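Structure first, commentary second.
Hydrogens, waters and symmetry mates play no part in the numbers below; they use all other heavy atoms, side chains included. Starting from 1, each residue takes its place in the sequence as its number. Keep in mind it's a predicted model, so treat the numbers as computed, not measured.
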Amino acid sequence: MNSHDVTITGYVLILLAVAGLQLAATRTRAPVPPLGAVLSRIMRTRTGRVGVLVAWAWLGLHFFAK
């Protein structure tokens, strides 16, 4: 297993954790806000919007570019 495989595995684990939190937020009475509410809260400020843009660009650059 090389470093690329470890990285992909890490991203998949993070994605599964986010999906699990989203399910917990929408299906149960857990005090976890849904992903849409979290993103709405982040996108209220210019800093949040720039942060989301930078994170999206970083993900695209490192994960999808070959």
Side-chain angles (χ1 to χ4, degrees):
M1 184 176 247
N2 58 19
S3 64
H4 181 263
D5 294 337
V6 172
T7 303
I8 298 299
T9 302
Y11 281 128
V12 168
L13 289 175
I14 291 170
L15 184 64
L16 289 174
V18 168
L21 284 173
Q22 178 65 17
L23 284 174
T26 57
R27 303 277 190 232
T28 67
R29 293 182 185 258
V32 179
L35 186 59
V38 172
L39 285 175
S40 293
R41 175 75 179 199
I42 291 171
M43 297 293 279
R44 286 182 187 168
T45 65
R46 180 181 299 162
T47 305
R49 290 189 295 269
V50 170
V52 169
L53 177 68
V54 168
W56 187 254
W58 183 88
L59 180 69
L61 180 65
H62 288 89
F63 190 66
F64 297 118
K66 267 274 186 192

**OP:** Using the rule that two of Ile, Leu, Val, Met, Phe, Trp, Tyr join whenever any of their side-chain heavy atoms come within less than 4.5 Å, decide whether L23 and L16 are in one cluster.
**Re:** no

Original post:
Are V12 and W58 connected in the hydrophobic side-chain network, where two residues link if heavy atoms are under 4.5 Å apart?
Top reply: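 Yes, because V12 and W58 connect within a single hydrophobic cluster, where side-chain heavy atoms sit under 4.5 Å apart.
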
Original post:
What is the distance from atom CD1 of I8 to atom CG of L15, rounded to the nearest 0.5 Å?
Top reply: 11.5 Å

Subject >> Reported OG1-to-CG distance for the pair T26 and L21, which is rounded to 0.5 angstrom >> reply: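 Going from OG1 on T26 over to CG on L21, the span is 10.5 Å.
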
**OP:** Using the test side-chain contact (heavy atoms from CB on, under 4.5 Å), find all partners of V6 that sit at least two apart in sequence or belong to another chain.
**Re:**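 Per chain and number, V6 pairs via side-chain contact (heavy atoms from CB on, under 4.5 Å) with M1.
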
Original post:
Any idea which heavy atoms bring L35 and V18 closest together, and the distance?
Top reply: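 Residues L35 and V18, closest heavy atoms: CD2-CG1, 4.3 Å.
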
Check residues 38-48 and write down every donor-acceptor pair under 3.5 Å in which the side-chain atom is one partner and the other belongs to a residue at least two apart or another chain.
| residue | atom | partner | partner atom | Å |
| --- | --- | --- | --- | --- |
| S40 | OG | G36 | O | 2.9 |
| T45 | OG1 | G48 | N | 3.0 |

**OP:** Using the test ring-ring contact (aromatic ring centres under 6.0 Å, His included), find all partners of W56 that sit at least two apart in sequence or belong to another chain.
**Re:** none

